[in-house]
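Below is the structure I would like to discuss, written out as C-alpha coordinates.
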Amino acid sequence: MKVFKFGGASVKDADAVKNVGSILKKYQNEKLLVVISAMGKTTNGLERMLGAWFDGKGELATNELAEIKNFHNSIIGDLIGGDLQNNYHEVDNLFIELECMIETRPVNTDFDFLYDQIVGYGELISTKIISIYLQTIGLNNRWLDARNFINTTEDYRQARINWGATEEIIVNRLQPLVNRQLVITQGFIGRTNRNNTTTLGREGSDYSASIFAYCLNAESVTIWKDVAGVMNADPKRMENTQIMREISFNKAIELAYYGATILHPKTIQPLLRKSIPLYVKSFLNPDAEGSVVKAMDAAKEESIACYIFKDDQILINLSSKDFSFIVESHLSSIFAILAAAKVQINVMQNSAISFSFCANYDERKFANLISQLTELFNIEVIKNLTLITLHNYKEKELPAILTNKEIMIEQHSKNVVQYVYR
Ligand code: ASP
Ligand code: MG
(Lines give C-alpha, C1' and ligand atoms only; values in the text may rest on other atoms or scores of the structure.)
(Ligands and ions follow the chains in the order given, each with its own letter.)
Protein backbone atom coordinates (compact mmCIF):
# COMPACT_ATOMS: atom_id res chain seq x y z
CA MET A 1 0.00 0.00 0.00
CA LYS A 2 1.28 3.43 -0.96
CA VAL A 3 0.28 6.94 0.05
CA PHE A 4 0.40 9.77 -2.51
CA LYS A 5 0.05 13.44 -1.79
CA PHE A 6 -0.84 16.07 -4.37
CA GLY A 7 -0.48 19.71 -3.30
CA GLY A 8 -2.27 22.84 -4.47
CA ALA A 9 0.00 23.46 -7.46
CA SER A 10 -0.64 19.97 -8.81
CA VAL A 11 -4.39 20.64 -8.98
CA LYS A 12 -4.36 24.34 -9.80
CA ASP A 13 -6.41 24.07 -13.01
CA ALA A 14 -8.19 21.55 -15.20
CA ASP A 15 -5.05 20.48 -17.06
CA ALA A 16 -3.24 19.92 -13.80
CA VAL A 17 -6.06 17.71 -12.51
CA LYS A 18 -6.01 15.76 -15.78
CA ASN A 19 -2.31 15.22 -15.26
CA VAL A 20 -3.01 13.86 -11.76
CA GLY A 21 -5.50 11.49 -13.37
CA SER A 22 -2.85 10.27 -15.80
CA ILE A 23 -0.36 9.70 -12.99
CA LEU A 24 -2.93 7.74 -10.99
CA LYS A 25 -3.69 5.60 -14.04
CA LYS A 26 -0.10 4.41 -14.01
CA TYR A 27 -0.64 3.07 -10.50
CA GLN A 28 -3.99 1.44 -11.11
CA ASN A 29 -2.75 -1.90 -9.87
CA GLU A 30 -1.48 -0.60 -6.56
CA LYS A 31 -3.33 -0.15 -3.33
CA LEU A 32 -3.34 3.60 -2.99
CA LEU A 33 -4.51 6.28 -0.61
CA VAL A 34 -4.34 9.73 -2.18
CA VAL A 35 -4.19 12.87 -0.07
CA ILE A 36 -5.01 16.11 -1.88
CA SER A 37 -4.78 19.80 -0.94
CA ALA A 38 -7.00 22.69 -1.88
CA MET A 39 -6.76 23.77 -5.52
CA GLY A 40 -4.12 26.39 -6.35
CA LYS A 41 -4.22 29.28 -3.94
CA THR A 42 -7.68 28.50 -2.54
CA THR A 43 -6.48 28.36 1.06
CA ASN A 44 -5.20 31.93 0.78
CA GLY A 45 -8.55 32.99 -0.68
CA LEU A 46 -10.44 31.34 2.17
CA GLU A 47 -8.14 33.04 4.65
CA ARG A 48 -8.96 36.40 3.08
CA MET A 49 -12.66 35.62 3.13
CA LEU A 50 -12.49 34.63 6.77
CA GLY A 51 -10.49 37.73 7.71
CA ALA A 52 -13.02 40.01 6.03
CA TRP A 53 -15.96 38.23 7.62
CA PHE A 54 -14.31 38.30 11.04
CA ASP A 55 -13.61 42.03 10.70
CA GLY A 56 -17.24 42.74 9.80
CA LYS A 57 -16.53 43.44 6.12
CA GLY A 58 -19.42 41.34 4.87
CA GLU A 59 -19.37 42.48 1.28
CA LEU A 60 -15.68 41.85 0.89
CA ALA A 61 -16.12 38.38 2.36
CA THR A 62 -18.94 37.64 -0.09
CA ASN A 63 -16.79 38.79 -3.00
CA GLU A 64 -13.85 36.66 -1.93
CA LEU A 65 -16.11 33.64 -1.73
CA ALA A 66 -17.67 34.38 -5.12
CA GLU A 67 -14.19 34.47 -6.60
CA ILE A 68 -13.31 31.10 -5.07
CA LYS A 69 -16.55 29.67 -6.38
CA ASN A 70 -15.95 30.98 -9.90
CA PHE A 71 -12.47 29.54 -9.87
CA HIS A 72 -13.77 26.07 -9.04
CA ASN A 73 -16.72 26.39 -11.38
CA SER A 74 -14.45 27.10 -14.30
CA ILE A 75 -12.20 24.16 -13.42
CA ILE A 76 -15.24 21.90 -13.36
CA GLY A 77 -16.37 23.32 -16.70
CA ASP A 78 -12.99 22.61 -18.33
CA LEU A 79 -12.58 19.27 -16.64
CA ILE A 80 -15.90 17.52 -16.92
CA GLY A 81 -18.36 20.04 -18.31
CA GLY A 82 -21.51 21.27 -16.69
CA ASP A 83 -21.68 23.61 -13.73
CA LEU A 84 -21.85 23.51 -9.99
CA GLN A 85 -25.46 24.41 -9.50
CA ASN A 86 -26.92 21.98 -11.99
CA ASN A 87 -24.57 19.05 -12.04
CA TYR A 88 -22.48 18.91 -8.90
CA HIS A 89 -24.79 19.18 -5.96
CA GLU A 90 -22.34 17.79 -3.45
CA VAL A 91 -19.74 20.40 -4.38
CA ASP A 92 -22.33 23.14 -4.60
CA ASN A 93 -23.62 22.23 -1.14
CA LEU A 94 -20.18 22.91 0.31
CA PHE A 95 -20.29 26.41 -1.15
CA ILE A 96 -23.80 26.89 0.19
CA GLU A 97 -22.56 25.97 3.67
CA LEU A 98 -19.89 28.67 3.41
CA GLU A 99 -22.30 31.20 1.97
CA CYS A 100 -24.76 30.63 4.79
CA MET A 101 -22.03 30.80 7.38
CA ILE A 102 -20.77 34.22 6.33
CA GLU A 103 -24.25 35.68 5.92
CA THR A 104 -24.38 36.61 9.61
CA ARG A 105 -21.67 37.91 11.90
CA PRO A 106 -19.65 35.24 13.73
CA VAL A 107 -21.05 34.41 17.15
CA ASN A 108 -17.86 32.83 18.34
CA THR A 109 -14.99 35.31 18.63
CA ASP A 110 -12.16 32.80 18.71
CA PHE A 111 -10.43 33.51 15.40
CA ASP A 112 -8.40 30.30 15.38
CA PHE A 113 -11.51 28.22 16.00
CA LEU A 114 -13.40 29.91 13.17
CA TYR A 115 -10.38 29.52 10.92
CA ASP A 116 -10.51 25.77 11.26
CA GLN A 117 -14.25 25.57 10.68
CA ILE A 118 -13.81 27.39 7.38
CA VAL A 119 -10.42 27.11 5.77
CA GLY A 120 -10.45 23.32 5.33
CA TYR A 121 -13.38 23.66 2.91
CA GLY A 122 -10.75 24.14 0.21
CA GLU A 123 -9.71 20.53 0.64
CA LEU A 124 -13.27 19.20 0.84
CA ILE A 125 -14.17 20.96 -2.40
CA SER A 126 -11.04 19.97 -4.31
CA THR A 127 -11.26 16.30 -3.36
CA LYS A 128 -14.95 16.12 -4.28
CA ILE A 129 -14.28 17.55 -7.72
CA ILE A 130 -11.26 15.36 -8.32
CA SER A 131 -13.04 12.23 -7.12
CA ILE A 132 -15.90 12.88 -9.57
CA TYR A 133 -13.43 13.56 -12.37
CA LEU A 134 -11.44 10.38 -11.72
CA GLN A 135 -14.66 8.41 -11.90
CA THR A 136 -15.33 9.87 -15.36
CA ILE A 137 -11.96 8.62 -16.65
CA GLY A 138 -12.57 5.15 -15.34
CA LEU A 139 -10.69 5.38 -12.06
CA ASN A 140 -13.18 4.02 -9.58
CA ASN A 141 -12.51 5.60 -6.26
CA ARG A 142 -13.89 6.18 -2.85
CA TRP A 143 -14.05 9.75 -1.47
CA LEU A 144 -13.53 9.79 2.27
CA ASP A 145 -13.66 12.59 4.80
CA ALA A 146 -10.24 12.70 6.47
CA ARG A 147 -11.81 14.19 9.59
CA ASN A 148 -13.34 10.83 10.41
CA PHE A 149 -9.87 9.35 10.76
CA ILE A 150 -7.55 12.12 11.92
CA ASN A 151 -8.41 12.63 15.58
CA THR A 152 -6.81 15.73 17.06
CA THR A 153 -6.50 17.94 20.09
CA GLU A 154 -8.41 21.24 20.32
CA ASP A 155 -5.34 23.31 19.36
CA TYR A 156 -6.94 25.19 16.51
CA ARG A 157 -4.70 25.93 13.53
CA GLN A 158 -1.96 23.77 15.02
CA ALA A 159 -3.88 20.70 16.06
CA ARG A 160 -1.87 17.82 17.41
CA ILE A 161 -2.68 14.22 16.62
CA ASN A 162 -4.27 11.92 19.16
CA TRP A 163 -2.22 9.03 17.90
CA GLY A 164 -3.95 6.20 19.76
CA ALA A 165 -7.44 7.05 18.53
CA THR A 166 -6.23 7.94 15.04
CA GLU A 167 -4.30 4.73 14.59
CA GLU A 168 -7.13 2.60 15.87
CA ILE A 169 -9.73 4.06 13.56
CA ILE A 170 -7.44 4.02 10.54
CA VAL A 171 -6.51 0.38 11.07
CA ASN A 172 -10.06 -0.72 11.76
CA ARG A 173 -12.04 1.39 9.36
CA LEU A 174 -9.81 2.86 6.68
CA GLN A 175 -7.40 0.03 5.97
CA PRO A 176 -10.11 -2.35 4.68
CA LEU A 177 -11.39 0.37 2.35
CA VAL A 178 -7.94 1.10 0.93
CA ASN A 179 -7.46 -2.62 0.38
CA ARG A 180 -10.55 -2.64 -1.81
CA GLN A 181 -10.42 0.60 -3.76
CA LEU A 182 -8.50 3.74 -4.61
CA VAL A 183 -9.17 6.19 -1.77
CA ILE A 184 -9.26 9.97 -2.26
CA THR A 185 -9.08 12.08 0.87
CA GLN A 186 -8.02 15.50 2.16
CA GLY A 187 -4.84 16.75 3.68
CA PHE A 188 -4.70 19.44 6.34
CA ILE A 189 -7.87 18.65 8.30
CA GLY A 190 -8.85 16.60 11.33
CA ARG A 191 -11.50 16.59 13.98
CA THR A 192 -11.65 16.78 17.75
CA ASN A 193 -13.60 14.54 20.10
CA ARG A 194 -16.10 17.37 20.41
CA ASN A 195 -16.70 17.13 16.67
CA ASN A 196 -15.03 20.37 15.66
CA THR A 197 -12.89 20.56 12.56
CA THR A 198 -9.22 21.34 13.11
CA THR A 199 -6.30 22.07 10.81
CA LEU A 200 -2.73 20.88 11.14
CA GLY A 201 -1.05 24.17 10.20
CA ARG A 202 -0.41 25.72 6.78
CA GLU A 203 1.07 23.29 4.30
CA GLY A 204 -0.06 20.51 6.62
CA SER A 205 -1.17 18.11 3.90
CA ASP A 206 2.24 16.48 3.76
CA TYR A 207 1.84 15.75 7.43
CA SER A 208 -1.58 14.22 6.78
CA ALA A 209 -0.02 11.91 4.20
CA SER A 210 2.61 10.88 6.70
CA ILE A 211 0.03 10.22 9.44
CA PHE A 212 -1.99 8.00 7.11
CA ALA A 213 1.17 6.19 6.00
CA TYR A 214 2.26 5.58 9.56
CA CYS A 215 -1.09 4.17 10.65
CA LEU A 216 -1.53 2.09 7.49
CA ASN A 217 2.04 0.79 7.61
CA ALA A 218 2.42 1.99 4.04
CA GLU A 219 5.44 0.91 2.03
CA SER A 220 6.13 4.52 0.98
CA VAL A 221 4.82 8.06 0.71
CA THR A 222 5.19 10.03 -2.51
CA ILE A 223 4.79 13.78 -2.52
CA TRP A 224 4.15 15.03 -6.06
CA LYS A 225 5.59 18.50 -6.57
CA ASP A 226 6.27 21.03 -9.29
CA VAL A 227 10.01 20.58 -8.73
CA ALA A 228 12.19 17.67 -9.72
CA GLY A 229 13.03 16.69 -6.14
CA VAL A 230 14.44 18.18 -2.97
CA MET A 231 16.77 20.98 -4.03
CA ASN A 232 19.59 22.38 -1.91
CA ALA A 233 18.15 25.89 -2.40
CA ASP A 234 15.21 27.59 -4.01
CA PRO A 235 16.12 27.86 -7.72
CA LYS A 236 14.13 31.09 -7.90
CA ARG A 237 16.61 32.63 -5.46
CA MET A 238 19.92 31.03 -6.25
CA GLU A 239 21.88 29.85 -9.22
CA ASN A 240 23.45 26.42 -9.60
CA THR A 241 21.07 24.62 -7.32
CA GLN A 242 21.21 20.86 -7.24
CA ILE A 243 18.86 18.02 -6.45
CA MET A 244 19.65 15.96 -3.42
CA ARG A 245 18.88 12.40 -4.47
CA GLU A 246 19.14 10.66 -1.12
CA ILE A 247 18.56 12.36 2.19
CA SER A 248 18.64 10.80 5.61
CA PHE A 249 15.67 11.26 7.92
CA ASN A 250 17.87 13.19 10.32
CA LYS A 251 19.05 15.65 7.73
CA ALA A 252 15.49 16.09 6.47
CA ILE A 253 14.28 16.88 9.97
CA GLU A 254 17.02 19.41 10.39
CA LEU A 255 16.34 21.11 7.04
CA ALA A 256 12.61 21.19 7.72
CA TYR A 257 13.24 22.63 11.15
CA TYR A 258 15.14 25.51 9.60
CA GLY A 259 12.30 26.15 7.21
CA ALA A 260 12.99 24.19 4.03
CA THR A 261 9.47 24.50 2.70
CA ILE A 262 9.60 21.37 0.62
CA LEU A 263 9.44 19.29 3.77
CA HIS A 264 6.81 20.14 6.33
CA PRO A 265 8.56 19.87 9.73
CA LYS A 266 6.19 17.38 11.29
CA THR A 267 6.04 15.14 8.25
CA ILE A 268 9.28 13.27 8.76
CA GLN A 269 8.91 12.09 12.35
CA PRO A 270 6.16 9.47 11.86
CA LEU A 271 7.92 8.11 8.78
CA LEU A 272 11.20 7.91 10.62
CA ARG A 273 9.61 5.86 13.38
CA LYS A 274 8.55 3.20 10.92
CA SER A 275 11.34 3.71 8.37
CA ILE A 276 8.83 4.49 5.64
CA PRO A 277 10.65 6.16 2.73
CA LEU A 278 9.38 9.50 1.45
CA TYR A 279 9.71 10.14 -2.28
CA VAL A 280 9.56 13.64 -3.69
CA LYS A 281 8.76 13.50 -7.38
CA SER A 282 7.78 15.90 -10.13
CA PHE A 283 4.20 15.68 -11.34
CA LEU A 284 5.45 17.26 -14.57
CA ASN A 285 7.89 14.45 -15.13
CA PRO A 286 6.46 11.51 -13.20
CA ASP A 287 8.89 8.90 -14.47
CA ALA A 288 11.98 10.84 -13.38
CA GLU A 289 13.81 9.70 -10.30
CA GLY A 290 13.21 12.59 -7.87
CA SER A 291 14.51 12.44 -4.31
CA VAL A 292 14.05 10.04 -1.46
CA VAL A 293 14.21 10.67 2.25
CA LYS A 294 14.98 7.42 4.00
CA ALA A 295 16.81 5.64 6.76
CA MET A 296 20.48 5.75 5.84
CA ASP A 297 23.90 5.75 7.29
CA ALA A 298 24.95 9.34 8.00
CA ALA A 299 28.46 8.53 6.83
CA LYS A 300 27.13 7.69 3.37
CA GLU A 301 25.27 10.93 3.06
CA GLU A 302 26.63 13.47 0.62
CA SER A 303 27.35 16.69 2.42
CA ILE A 304 25.71 19.20 0.12
CA ALA A 305 25.45 22.80 1.28
CA CYS A 306 21.82 23.87 1.70
CA TYR A 307 20.42 27.40 1.69
CA ILE A 308 17.06 28.04 3.24
CA PHE A 309 15.32 31.40 2.88
CA LYS A 310 12.38 32.60 4.95
CA ASP A 311 10.78 35.91 4.07
CA ASP A 312 8.40 38.05 6.01
CA GLN A 313 10.31 37.88 9.24
CA ILE A 314 9.84 40.23 12.14
CA LEU A 315 12.72 41.09 14.45
CA ILE A 316 11.94 42.30 17.94
CA ASN A 317 14.61 43.69 20.25
CA LEU A 318 13.67 43.97 23.89
CA SER A 319 15.63 45.72 26.60
CA SER A 320 14.76 46.29 30.21
CA LYS A 321 13.18 49.64 30.97
CA ASP A 322 15.48 50.32 33.91
CA PHE A 323 18.73 49.17 32.23
CA SER A 324 18.84 46.16 34.50
CA PHE A 325 20.20 42.92 33.14
CA ILE A 326 17.92 40.61 31.19
CA VAL A 327 17.67 37.89 33.78
CA GLU A 328 15.72 34.67 34.15
CA SER A 329 12.55 36.32 35.34
CA HIS A 330 12.50 38.59 32.27
CA LEU A 331 13.14 35.66 29.98
CA SER A 332 10.43 33.58 31.53
CA SER A 333 7.89 36.37 31.13
CA ILE A 334 8.96 36.88 27.49
CA PHE A 335 8.66 33.18 26.73
CA ALA A 336 5.30 32.94 28.48
CA ILE A 337 3.92 35.74 26.31
CA LEU A 338 5.36 34.19 23.14
CA ALA A 339 4.04 30.75 24.00
CA ALA A 340 0.56 32.09 24.74
CA ALA A 341 0.54 33.83 21.36
CA LYS A 342 1.82 30.61 19.71
CA VAL A 343 4.78 32.40 18.17
CA GLN A 344 7.44 30.20 16.74
CA ILE A 345 10.87 31.72 17.21
CA ASN A 346 13.30 31.21 14.34
CA VAL A 347 16.40 32.84 15.83
CA MET A 348 17.01 34.34 19.23
CA GLN A 349 19.89 36.06 20.92
CA ASN A 350 20.48 37.68 24.25
CA SER A 351 23.03 40.03 25.70
CA ALA A 352 23.34 41.60 29.15
CA ILE A 353 20.57 44.10 28.69
CA SER A 354 18.68 42.93 25.64
CA PHE A 355 16.88 39.99 24.14
CA SER A 356 16.18 39.72 20.40
CA PHE A 357 14.16 37.25 18.45
CA CYS A 358 13.09 36.76 14.89
CA ALA A 359 9.84 35.04 13.97
CA ASN A 360 7.39 34.60 11.09
CA TYR A 361 5.31 37.75 10.93
CA ASP A 362 1.55 37.49 11.36
CA GLU A 363 -0.29 40.77 11.71
CA ARG A 364 -3.08 39.47 13.90
CA LYS A 365 -0.76 37.73 16.34
CA PHE A 366 1.78 40.48 16.63
CA ALA A 367 -0.44 43.49 17.20
CA ASN A 368 -1.49 42.12 20.55
CA LEU A 369 1.86 40.61 21.38
CA ILE A 370 3.75 43.84 20.77
CA SER A 371 1.44 45.78 23.04
CA GLN A 372 1.94 43.22 25.80
CA LEU A 373 5.71 43.37 25.46
CA THR A 374 5.69 47.16 25.32
CA GLU A 375 4.24 47.27 28.81
CA LEU A 376 7.23 45.38 30.17
CA PHE A 377 10.19 46.35 27.99
CA ASN A 378 11.66 48.94 25.70
CA ILE A 379 10.94 47.52 22.33
CA GLU A 380 12.23 47.92 18.80
CA VAL A 381 10.33 46.25 15.97
CA ILE A 382 11.69 45.69 12.46
CA LYS A 383 9.54 44.04 9.81
CA ASN A 384 9.99 42.76 6.27
CA LEU A 385 13.21 40.93 6.93
CA THR A 386 14.55 37.70 5.48
CA LEU A 387 16.19 34.88 7.36
CA ILE A 388 18.73 32.76 5.55
CA THR A 389 19.98 29.56 7.08
CA LEU A 390 23.08 27.93 5.61
CA HIS A 391 23.52 24.28 6.41
CA ASN A 392 26.84 22.51 5.73
CA TYR A 393 27.92 25.74 4.12
CA LYS A 394 31.32 26.57 2.75
CA GLU A 395 33.03 29.54 4.34
CA LYS A 396 34.27 30.84 0.99
CA GLU A 397 30.70 31.20 -0.32
CA LEU A 398 29.63 33.56 2.43
CA PRO A 399 30.80 36.90 0.99
CA ALA A 400 28.89 36.38 -2.26
CA ILE A 401 25.74 35.45 -0.39
CA LEU A 402 25.95 38.39 1.94
CA THR A 403 26.66 41.20 -0.51
CA ASN A 404 24.10 44.02 -0.50
CA LYS A 405 22.44 42.70 2.60
CA GLU A 406 22.07 44.68 5.78
CA ILE A 407 22.59 42.06 8.46
CA MET A 408 20.49 42.54 11.59
CA ILE A 409 21.59 39.53 13.57
CA GLU A 410 23.66 36.48 12.88
CA GLN A 411 24.18 33.24 14.63
CA HIS A 412 26.80 30.55 14.13
CA SER A 413 26.75 26.99 15.31
CA LYS A 414 28.63 23.89 14.22
CA ASN A 415 27.27 23.29 10.70
CA VAL A 416 24.80 26.08 10.56
CA VAL A 417 24.91 29.83 10.21
CA GLN A 418 21.89 32.08 10.16
CA TYR A 419 21.52 35.70 9.09
CA VAL A 420 18.52 37.93 9.47
CA TYR A 421 18.80 40.70 6.91
CA ARG A 422 17.03 43.47 5.10
N1 ASP B 1 -4.17 23.83 1.63
C2 ASP B 1 -3.40 23.97 2.82
C3 ASP B 1 -2.40 25.08 2.64
O4 ASP B 1 -2.30 25.62 1.56
C5 ASP B 1 -2.71 22.71 3.22
C6 ASP B 1 -1.67 22.24 2.25
O7 ASP B 1 -1.69 22.62 1.08
O8 ASP B 1 -0.80 21.49 2.64
O9 ASP B 1 -1.75 25.43 3.58
MG1 MG C 1 -2.12 24.17 -0.31
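Indexing begins at 1, ligand by ligand and atom by atom, following the structure's order. Worth knowing before you read on, the calculation uses all heavy atoms, side chains too, and leaves out hydrogens, waters and symmetry mates. For this chain, numbers begin at 1 and follow the sequence in order. If you're wondering where the values come from, they're calculated on a predicted model, not measured in any experiment.
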Within reach of ligand 1, part of Ser37 (heavy-atom separation under 4.0 Å): side chain
Give the numbers and elements of all ligand 1 atoms closer than 4.0 Å to a heavy atom of Thr43. 1 (N), 2 (C), 3 (C), 4 (O)
Main-chain N/O of Phe54 paired with Arg105 side-chain donor or acceptor, under 3.5 Å: yes
Taking only heavy atoms of Arg202 into account, list the atoms of ligand 1 that are under 4.0 Å away from them. 3 (C), 4 (O), 9 (O)
By number and element, which atoms of ligand 1 are closer than 4.0 Å to a non-hydrogen atom of Glu123? 1 (N), 2 (C), 5 (C)
Which atoms of ligand 1 are found less than 4.0 Å from any heavy atom of Ser205? 5 (C), 6 (C), 7 (O), 8 (O)
Would you say Lys25's side chain and Ile137's backbone share a donor-acceptor pair under 3.5 angstrom? yes
Side-chain (Thr374) to main-chain (Ile370) donor-acceptor, under 3.5 angstrom: yes
Would you say Asp116's side chain and Arg157's backbone share a donor-acceptor pair under 3.5 angstrom? yes
Would you please determine whether Gly204 falls within less than 4.0 Å of ligand 1 on a heavy-atom basis? yes
Do Gln186 side-chain atoms and Ala146 backbone N/O form a donor-acceptor pair below 3.5 Å? yes
N/O to N/O below 3.5 Å, does that happen between Lys5 and ligand 1? no
If only atom types and distance count, is the side chain of Gln117 paired as donor or acceptor with the main-chain N or O of Thr197 below 3.5 Å? yes
Considering both backbone and side-chain atoms of Asp206, is one of its nitrogen or oxygen atoms within less than 3.5 Å of a nitrogen or oxygen in ligand 1? no
With a 4.0 Å cut-off on heavy atoms, is Lys41 touching ligand 1? no
Distance, nearest 0.5 Å, that separates CD1 of Ile382 from CD of Glu406: 8.0 Å
